[in-house]
2 protein chains.
Amino acid sequence: MVRNTARREELAALATDYVLDHGLIGLSLRPLAAAIGTSDRMLLYHFAGKDDLVATVLRISNDRSVEAVRALPRSQSVRTAVLDLWRASTSDESDHCHRVYVEAAALGLLGREPYVSVVREANERWVEALADHLVAAGCTRERAGRAVALLDAAFMGLQLDLPLDPHESHRKRVVSDLADAIAAFAGG
Amino acid sequence: MVRNTARREELAALATDYVLDHGLIGLSLRPLAAAIGTSDRMLLYHFAGKDDLVATVLRISNDRSVEAVRALPRSQSVRTAVLDLWRASTSDESDHCHRVYVEAAALGLLGREPYVSVVREANERWVEALADHLVAAGCTRERAGRAVALLDAAFMGLQLDLPLDPHESHRKRVVSDLADAIAAFAGG
DNA sequence: CTACGACTGTAGCAGTCGCTACAATCGGGC
DNA sequence: GCCCGATTGTAGCGACTGCTACAGTCGTAG
């Protein structure tokens, strides 16, 4: 029996914080439970199982990163929009959200549930938020829709590869180049 | 005591095939060993440990995908180069190589070895191969270097997100858009 | 023949995993 | 007082993990 209680939501929020810090791959219930002041027994009381907990955590994490994008002030141009979005995506909290998203996507690469479904849903809402921001920055809805597919892919790829790159300056140039390329493509 | 014997290389190749099929995350020695006709005991005789085996497998997988790029005939333009590279990267074997690469990168997101080192090394050689192909297609070395950073990121992102997308036509349009954007950026 | 190094099978260690059976505790409505 | 449902602790299950100790079996070199 699993219901939506205040305690469940509280545990879900705490678990999300923990996962954002420690990563999703290799997550196990006992260390998580200990860290947030409960027991594995309790997690399995409030959630139907590990998958249920993970799906809940992923949704909360996604909510936070989408919220961070929606809270951004309007950008002056498509180019600055890309830079603003990247800055927002790599600020402390959102950065961890995207890291977890990437882990979930990797876990879903072979079709394993619940990862595939949750990641698909998360991606839809994330892409939507990106597109809205581009439109607000002045490009048409149609161009934004197509540009965002590229932007999203590039962001995820950078999230995956940039941690390998020790050169801060190189990273900055890549993001700047990306902004140029997207601006040219979106026509803004 | 671990040496470079023929048997070790044979096992490494077989293990690579298995990992390409079954994924890297959650890999465990016993099922792998059984599938390739040996025992976990033997794997640990020929390799220093699971990490050694995984690093070896990742290097072989990367060799194969880089080889696939280098074997491509020269492309007519930057735009067709991007399309050719994407087609090569998503053909059966290379597709699995990149899936495994993404898994390894995800496993390295928090700094865990041996993933970080191996993925960094793999990425360098992969980006190099991409750049060479772009240069052969007619853009300057300098523009190719910068375009490849974007191209690589976009490829990895697409590898991560596109499995979620059930619409073949949508995927094709995204790749075509990417080719346009990269061609415009690289000036070819 | 012997000795040695290369290789392999058996069995098991100590640890972790998700999950569950069972019982206890607690607060509130009858 | 008394029960009932919600919540929690204890203890443990069976399966799995990477890894290792030990005892072999080979082919070959001396």
Side-chain angles (χ1 to χ4, degrees), chain A residues 1-16 18-19 21-58 100 103-104 106-108 110 112-118, chain B residues 1-16 18-19 21-58 100 103-104 106-108 110 112-118:
Chain A
M1 191 63 55
V2 175
R3 272 176 243 67
N4 265 13
T5 65
R7 180 66 177 150
R8 178 184 154 111
E9 284 181 28
E10 189 188 345
L11 287 176
L14 289 170
T16 303
Y18 178 89
V19 170
D21 271 358
H22 296 77
L24 180 63
I25 298 174
L27 174 71
S28 78
L29 295 183
R30 270 178 265 245
L32 160 62
I36 66 177
T38 181
S39 66
D40 58 330
R41 173 69 184 74
M42 278 303 97
L43 291 176
L44 293 166
Y45 174 73
H46 289 286
F47 300 88
K50 190 190 177 185
D51 283 353
D52 181 27
L53 172 63
V54 167
T56 306
V57 162
L58 287 176
V100 164
E103 291 188 84
L107 283 163
L110 287 123
R112 272 182 51 199
E113 292 294 352
Y115 302 105
V116 181
S117 308
V118 179
Chain B
M1 191 64 56
V2 175
R3 272 176 243 67
N4 265 12
T5 65
R7 180 66 177 149
R8 178 185 154 110
E9 284 181 29
E10 189 187 345
L11 287 176
L14 289 169
T16 303
Y18 178 88
V19 170
D21 271 357
H22 296 76
L24 181 63
I25 298 174
L27 174 72
S28 80
L29 296 183
R30 268 178 268 246
L32 160 63
I36 67 178
T38 181
S39 66
D40 58 330
R41 172 68 184 73
M42 277 305 96
L43 291 177
L44 293 166
Y45 175 73
H46 289 286
F47 300 88
K50 190 190 178 184
D51 283 353
D52 181 26
L53 172 63
V54 166
T56 306
V57 162
L58 288 175
V100 164
E103 291 187 84
L107 283 164
L110 288 121
R112 271 183 50 199
E113 291 295 351
Y115 301 105
V116 181
S117 309
V118 178

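Because the structure is predicted, anything quoted here is derived from the model rather than measured. Residue numbers begin at 1 in each chain, while the letters A, B, ... track the order of the sequences.
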In terms of side-chain heavy atoms of [X], which of [options] is nearest?
{"X": "A:Y45", "options": "D:dT7, C:dT8, D:dG18", "value": "D:dT7"}
{"X": "A:R41", "options": "C:dG18, D:dC19, D:dT8", "value": "D:dT8"}
{"X": "A:S28", "options": "C:dC17, C:dG9, D:dT17", "value": "C:dC17"}
{"X": "A:M42", "options": "D:dC19, C:dC7, D:dT8", "value": "D:dT8"}
{"X": "B:L29", "options": "D:dC19, D:dT7, C:dT8", "value": "D:dC19"}

Please tell me if B:H46 has a side-chain N or O lying less than 4.0 Å from either OP1 or OP2 of C:dT8.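 It does, given that an N or O in the side chain of B:H46 lies less than 4.0 Å from OP1 or OP2 of C:dT8.
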Below 4.5 Å, heavy atoms only, C-beta onward: do B:R112 and B:D51 meet side chain to side chain? no
Is there a side-chain contact between B:V54 and B:Y115 in this structure, where contact means two heavy atoms from C-beta onward sitting under 4.5 Å apart? yes
Looking across every strand, which nucleic acid part, if any, lies under 4.0 Å from B:L27 by heavy atom: base, sugar-phosphate, or nothing?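 The residue B:L27 makes sugar-phosphate contact but no base contact.
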Interatomic distance, [X] [atom1] vs [N] [atom2] [rounded to whole Å]:
{"X": "A:L53", "N": "C:dG18", "atom1": "CG", "atom2": "C1'", "result": "12 Å"}
{"X": "A:F47", "N": "C:dG18", "atom1": "CZ", "atom2": "P", "result": "14 Å"}
{"X": "A:R8", "N": "D:dT7", "atom1": "CZ", "atom2": "P", "result": "12 Å"}
{"X": "A:K50", "N": "C:dC19", "atom1": "NZ", "atom2": "C1'", "result": "12 Å"}
{"X": "A:L32", "N": "C:dC19", "atom1": "CG", "atom2": "C1'", "result": "15 Å"}
{"X": "A:R112", "N": "C:dG18", "atom1": "CZ", "atom2": "C1'", "result": "13 Å"}

Evaluate the criterion side-chain contact (heavy atoms from CB on, under 4.5 Å) for residue pair B:L53 and B:L32; output intermediate values, then yes/no. CA-CA 11 Å; B:L53 172 63; B:L32 160 63; 3.7 Å; yes
For B:D40 and for B:R7, locate the closest nucleotide of DNA chain C by heavy-atom distance; then report the residue assigned to the nucleotide nearer the 5' terminus. B:R7
Taking the nucleotide of DNA chain D with the nearest heavy atom to each, does B:D51 or A:T38 sit closer to the 5' end?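 In this pair, the answer is A:T38.
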With DNA chain D as reference, determine whether A:R30 or B:L44 sits nearer its 5' end, using the nearest nucleotide of each.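 So the residue in question is A:R30.
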Carefully, step by step, assess A:V57 and A:Y18 under the rule side-chain contact (heavy atoms from CB on, under 4.5 Å). CA-CA 10 Å; A:V57 162; A:Y18 178 89; over 6 Å; no
What distance separates B:H46 NE2 from B:R41 CZ, expressed to the nearest 0.5 Å?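 That separation rounds to 9.0 Å.
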